[in-house]
Amino acid sequence: MDFISLSNSIQNDSDVESRMDFLQSSMDRMEHRILTLTKTVNRLSKRKKDEHVMFYATLSSDTVLNINSIVKFNEIQFDEGADFNSGDGVFVSPVSGVFMFSWTTLTYSGKSIDTELRVENVVKAKQIISLGSSAGSIQSTQFVICKVNEKDHVWIQTGAGFTTENFFDHLFKGSKSSFMGILLHVV
């Protein structure tokens, strides 16, 4: 009888160890699944946030800038993601992607504006307005679609070749000089 009890005890210990091993293995698999789901949720959450990158800023007053000056669009009208700095007029991309940028310049009779969109100090597009003395106020808009890498800096700057004084009229019948960017898709 002692032998049978001993045998049952050994068998019970073996069953308990087997069950413990099975439970440990199950917990390890469950922990792995939870970590995988957490990573997936975080990735999808980040993707959703990255899909909504856009800004729109305007000038708050008449501005005269020399050549090679960054235009500081200082009135933020909209900034999903808070990636545009109105203090220096520079947008810093939170993701790599294809963006559409647009800027509108407003000037008046006898004045000129020479501007360019720069990404990491590389000119991507230019816009020049030169008005005769009786032209009145004129607004012009330039669009560009380009690839921007994560943490790249994007801004509007006066050019170096056309005029040394760039006259930005800030408001004419509701129109303002402005700068905007919209993420079209993440790459």
Side-chain angles (χ1 to χ4, degrees), residues 48-187:
K48 185 68 173 170
K49 176 185 164 256
D50 294 343
E51 289 174 355
H52 298 287
V53 177
M54 59 189 82
F55 69 91
Y56 175 65
T58 57
L59 284 178
S60 64
S61 63
D62 291 352
T63 305
V64 179
L65 296 173
N66 292 319
I67 62 171
N68 298 321
S69 298
I70 294 176
V71 182
K72 295 177 183 173
F73 295 94
N74 59 342
E75 287 184 325
I76 294 176
Q77 305 298 326
F78 185 81
D79 189 9
E80 181 78 25
D83 301 303
F84 183 79
N85 184 335
S86 63
D88 63 10
V90 177
F91 167 73
V92 180
S93 180
V95 296
S96 293
V98 175
F99 284 81
M100 180 179 71
F101 295 102
S102 171
W103 73 103
T104 298
T105 53
L106 175 64
T107 196
Y108 49 92
S109 297
K111 304 302 180 189
S112 298
I113 300 179
D114 176 6
T115 54
E116 49 199 31
L117 175 91
R118 290 182 175 241
V119 177
E120 288 300 306
N121 214 24
V122 175
V123 176
K124 296 295 183 176
K126 293 181 72 82
Q127 175 182 212
I128 296 173
I129 303 174
S130 182
L131 301 179
S133 61
S134 61
S137 291
I138 300 289
Q139 189 173 32
S140 178
T141 301
Q142 175 68 293
F143 288 91
V144 64
I145 295 176
C146 62
K147 183 179 181 299
V148 176
N149 294 316
E150 183 177 3
K151 298 189 189 237
D152 276 359
H153 294 74
V154 182
W155 67 91
I156 303 301
Q157 177 174 310
T158 57
F162 187 77
T163 183
T164 57
E165 290 185 317
N166 295 274
F167 292 85
F168 293 85
D169 193 3
H170 103 282
L171 184 62
F172 178 75
K173 295 186 179 181
S175 297
K176 289 185 172 189
S177 294
S178 62
F179 178 33
M180 60 153 278
I182 298 172
L183 174 65
L184 299 177
H185 69 84
V186 176
V187 293

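Values below: every heavy atom of this structure, side chains too, minus hydrogens, waters and symmetry copies.
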**Request:** Evaluate the side-chain proximity of Q157 to N68: yes if any heavy-atom separation is below 4.5 Å, no if none is.
**Result:** yes

**Message:** Working to the nearest 0.5 angstrom, can you tell me the gap between S96 OG and D152 CG?
**Reply:** 7.0 Å

**Prompt:** Can T63 and V71 be said to form a side chain to side chain contact (heavy atoms under 4.5 Å, CB included), step by step?
**Reply:** CA-CA 9 Å; T63 305; V71 182; over 6 Å; no

**Request:** Evaluate the criterion ring-ring contact (aromatic ring centres under 6.0 Å, His included) for residue pair F84 and Y56; output intermediate values, then yes/no.
**Result:** CA-CA 9 Å; F84 183 79; Y56 175 65; 9.9 Å; no

**S69 side-chain N/O to T158 backbone N/O, donor-acceptor pair under 3.5 Å** = no

**Item:** Aromatic ring pairing F91/F99, orientation class (parallel under 30°, perpendicular over 60°, tilted between)
**Value:** perpendicular

**Minimum heavy-atom distance L183-V95, with the two atoms named** = CD2-CG2, 3.9 Å

**Asked** Considering only heavy atoms from C-beta outward, does the side chain of T141 approach that of S102 to under 4.5 Å?
**Response** yes

**NZ/K126: more than 12 non-hydrogen atoms of other groups inside 6.0 Å** = yes

**Item:** Nearest heavy-atom neighbours spanning S93 and V148
**Value:** CB-CG1, 3.6 Å

**Request:** With rounding to the nearest 0.5 Å, note down the distance linking OG1 in T107 to CD1 in I113.
**Result:** 4.0 Å

**Item:** Rounded distance (nearest 0.5 Å) linking atom CD1 of I129 with atom OG1 of T115
**Value:** 7.0 Å

**Message:** Testing the basics here: between K176 and Q139, what is the closest heavy-atom pair and its distance to 0.1 Å?
**Reply:** O-NE2, 3.4 Å

**Test applied, side chain to side chain contact (heavy atoms under 4.5 Å, CB included); reference residue, L117; option that passes from Q127, K124, Q142** = K124

**Heavy-atom closest pair, residues S60 and N74** = OG-ND2, 2.8 Å

**Prompt:** Sub-3.5 Å donor-acceptor pair from the side chain of S177 to the main-chain atoms of L106, do we have one?
**Reply:** yes

**Pair N149-K147, side-chain donor/acceptor within less than 3.5 Å** = yes

**Item:** Between CH2 on residue W155 and CZ on residue F101, distance to nearest 0.5 Å
**Value:** 11.5 Å

**Message:** Does N85 form a side chain to side chain contact (heavy atoms under 4.5 Å, CB included) with V92? I'd like the steps, not just the answer.
**Reply:** CA-CA 8 Å; N85 184 335; V92 180; over 6 Å; no

**Prompt:** What distance separates C146 SG from L184 CG, expressed to the nearest 0.5 Å?
**Reply:** 9.5 Å

**Message:** Which heavy atom of F73 sits nearest to which heavy atom of A57, and what is that distance?
**Reply:** CB-CB, 3.8 Å

**Request:** Measure the NZ-CG distance between K72 and D88 for me, rounded to the nearest 0.5 Å.
**Result:** 7.5 Å

**Message:** Do M180 and M100 have side chains that approach each other closer than 4.5 Å (heavy atoms only, starting at C-beta)?
**Reply:** yes

